[in-house]
Structure formats: C-alpha cells, structure tokens
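Throughout, protein chains are lettered first and strands after them, A, B, ... in sequence-line order, and every chain is numbered starting at 1. It should be emphasised that the depicted structure is a prediction, and the values quoted were computed from it without experimental measurement.
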There are 2 protein chains.
Amino acid sequence: MNLKPTDSELEILNILWEKGPCTVRDVHEVLEKNKEAGYTTTLKLMQIMHEKGLLTRDAKAKSHIYTSNISQEKTQGQLVKRMIDNVFNGSASQLVMQALGHHKPNAEELDEIKKYLERIEQAGKQENQ
Amino acid sequence: MNLKPTDSELEILNILWEKGPCTVRDVHEVLEKNKEAGYTTTLKLMQIMHEKGLLTRDAKAKSHIYTSNISQEKTQGQLVKRMIDNVFNGSASQLVMQALGHHKPNAEELDEIKKYLERIEQAGKQENQ
DNA sequence: ACAAACCTACGAATATTTTCGTAAATGCAA
DNA sequence: TTGCATTTACGAAAATATTCGTAGGTTTGT
C-alpha cells in the first residue's frame, strides 16, 4: 500500500496506535484536548480514512469501532523514506545528523543508537571479508 | 518564519539550493527530467512561492532570477522537528533508528555519526558534573 | 520592421483536504 | 410510547494546492 496520510489523518492514526480500537467519540475526545474541532469533522475524517483503507471498522456495536489498518512502523518507515528522498537528497545520515542536532537524546537513547550503529558496522565488516 | 513547503515547492527549493539562483526556465528544465510539467505551471508555482516569501527574485534581467529565501539547513530542521512531533511522538532517537534501519550508511557516514554521538555524550557528561 | 521565440501576469479549472450543517436512524430513560 | 441524546450518512462550503490556457509585453534574428 502506498501511503501518504495527511497531517489530520496522522493525528487520528497516532491516537489509534496508542489506544487501540476506538469509537469516533473516543478519538474525538483526545483530539479536543489539543485543538478546536467539531464532532462531525472527526467522524467524516474517519469515514474517509475507512474508505481509503487506512482504518477498518466494526459496525456490530451501537457505535462503530475503528482500528488502524496500517502498522505504525511501516508508516513511519515510509514517511522517513519519503523525507530522505525529498528533503535530504537520499542521504539518510544527513537526516540522522539533523535529528540528533535538534533534539539531544538522553543517555539511554544514546546507548541504544550506539548499539545499533555497532551492529551495522559489524555487518559491514563481515561483508568486506 | 513558520514554514511548511509543499512537495512541489520542495522540489523547486531543492533545485535552487543545489544550483543557486535560477530562472524559471532553468528550474523547469530540471523538473522536466523527472516528470511531465507545463512551463507555466512551474512559473506559477515560483510566483506563488515568491508571494509567500519563500523565494526572492531579481527582475532586472530580461528573465527574472529567483533565489531561495530560506536556508536548506533551517528548512530541513523544521521538517525534521515536525516529523519527530507528528510521527514519532517527540522521540528523535526513534526517528534516527528508523532512518538507519532503512538506509545503511557507509563507513564514512558511520564515522561521522559516531563522532557526532560522542560529542553529544561528552556534552551530556559535562552537564552532570 | 517583421515574425518567431520567449517571458510574465493572471484568471480559472481541477483536485485535495478540512470543516460543518442537516437529516435520518438508533438507543435510552421517564 | 414519547421525547431526548447519540450516532451515522451525506452533501456541500471553505481552504489549499496544482495545473494550464491565454493575453500581452520583450527580445532576437533576418
């Protein structure tokens, strides 16, 4: 699936990824904390997302229950890939540097990243033997 | 300046960042390599970008010469920040991992990233003394 | 000077996203 | 059952992005 969720759609996906299956009301209440929005606006958005295949829904209950139909990881991956291509001319490491420069990771995150790098490095050496 | 260039605008900005000041024709010829597009479409886009303040232009020459009015670094930074907030729930390191996972950096890039990380780490230790 | 080529400005059509009002259906409580 | 609250479906307005045609001006070559 070739995905390009809009900003509004992403807001909804984030809620569903975090909270799991939700009614429109559930989602709407979370959205309302951060911004003005009419209930039917949220409803319509989720209906459209359903049409697009971004969400599945269970209509058995009195209120329909929506679930994200795309994985958070895959979506993140595709958006990152798009950004590398469109904004960083294909250079993933440039993106990495920008991300690190802007938002310093804490010690724990640093460790995680370093381990990840070492694994990549080891794999690279293997290939060159 | 609060920036949110669209995909089309980003294509044009990328060209201007790489080639420096350009006429509409210059930009259009590069765009044409990768996609179908009418000349007046490119013209209109660049005019709108000029209105928005994304581009400056010199109308002295027979053909106007456009220049990006926003820095590549700053724009990249803002887009990365937006992605961290909207897609990775504020976690820069998650974005980093995704980026590294998708596009393995070569040895040189790896070195660069590791040095960067070490600098961050040292700075962090200083703070805790 | 004349025509061909090129450039800008501008309006408008098209597409997409976001928002909301209204009507119909459903569930619930008195 | 009757009325109120909630939900869905749907159409359409509003906002934004993209595309292109046409008119009018400038430059260039002959």
Round to the nearest Å and state the distance from [X] atom [atom1] to [N] atom [atom2].
X	N	atom1	atom2	result
A:His28	C:dC20	NE2	P	10 Å
B:Met46	C:dT8	CE	C1'	13 Å
B:Asp7	C:dT16	CG	C1'	13 Å
A:Lys4	C:dT17	NZ	C1'	12 Å
A:Glu36	C:dT19	CD	C1'	12 Å

Crowding at CD, A:Glu32 (>12 non-hydrogen neighbours, <6.0 Å):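 Enclosed: over 12 neighbouring heavy atoms sit under 6.0 Å from CD of A:Glu32.
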Side chain to side chain contact (heavy atoms under 4.5 Å, CB included) partner of A:Lys81, chosen from A:Asp85, A:Leu79, A:Ile84: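 Exactly one option meets the side chain to side chain contact (heavy atoms under 4.5 Å, CB included) with A:Lys81, and it is A:Asp85.
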Sole residue of A:Val87, A:Val80, A:Leu95 in side chain to side chain contact (heavy atoms under 4.5 Å, CB included) with B:Met83: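 When side chain to side chain contact (heavy atoms under 4.5 Å, CB included) is applied between B:Met83 and each of A:Val87, A:Val80, A:Leu95, only A:Val80 qualifies.
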Main-chain N/O of B:Glu73 paired with B:Trp17 side-chain donor or acceptor, under 3.5 Å: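 Looks like no, no N/O pair under 3.5 Å.
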Heavy-atom donor-acceptor pair, A:Thr23 side chain to A:Asp26 backbone, under 3.5 Å: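 Yes, the answer is positive, given that a donor and an acceptor are paired below the 3.5 Å cut-off.
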Tell me whether the side-chain N/O atoms of [X] come closer than 4.0 Å to OP1 or OP2 in [N].
X	N	value
B:Arg25	C:dT8	no
A:Ser8	C:dT17	no
B:Gln47	C:dA9	yes

Looking only at heavy atoms, which two atoms of [X] and [Y] are closest? And how far apart?
X	Y	value
B:Thr67	B:Leu16	C-CD1, 4.4 Å
B:Glu109	A:Ser91	OE2-OG, 4.1 Å
B:Asn69	B:Gly53	ND2-O, 3.0 Å
A:Ala92	B:Ala99	CB-O, 4.0 Å

Protein proximity profile, nucleotides 22-30 of chain C - base contact B, sugar-phosphate-only contact S, no contact -, cut-off 4.0 Å on heavy atoms: B----SS--
Sugar-phosphate, base or nothing in reach of A:Glu9, heavy atoms under 4.0 Å: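 The residue A:Glu9 makes no contact with any strand.
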Sugar-phosphate only, base, or nothing, as touched by A:Thr41 at under 4.0 Å among non-hydrogen atoms: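 Here A:Thr41 touches the bases of the nucleic acid.
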Of A:Gly38 and B:Arg57, the one whose closest DNA chain C nucleotide lies more 5':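 By nearest-heavy-atom nucleotide position, the 5'-most residue is B:Arg57.
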Where chain B begins and ends its contact with DNA chain D, read 5' to 3' at 4.0 Å from heavy atoms: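 So the contact region on DNA chain D extends D:dA17 to D:dT28.
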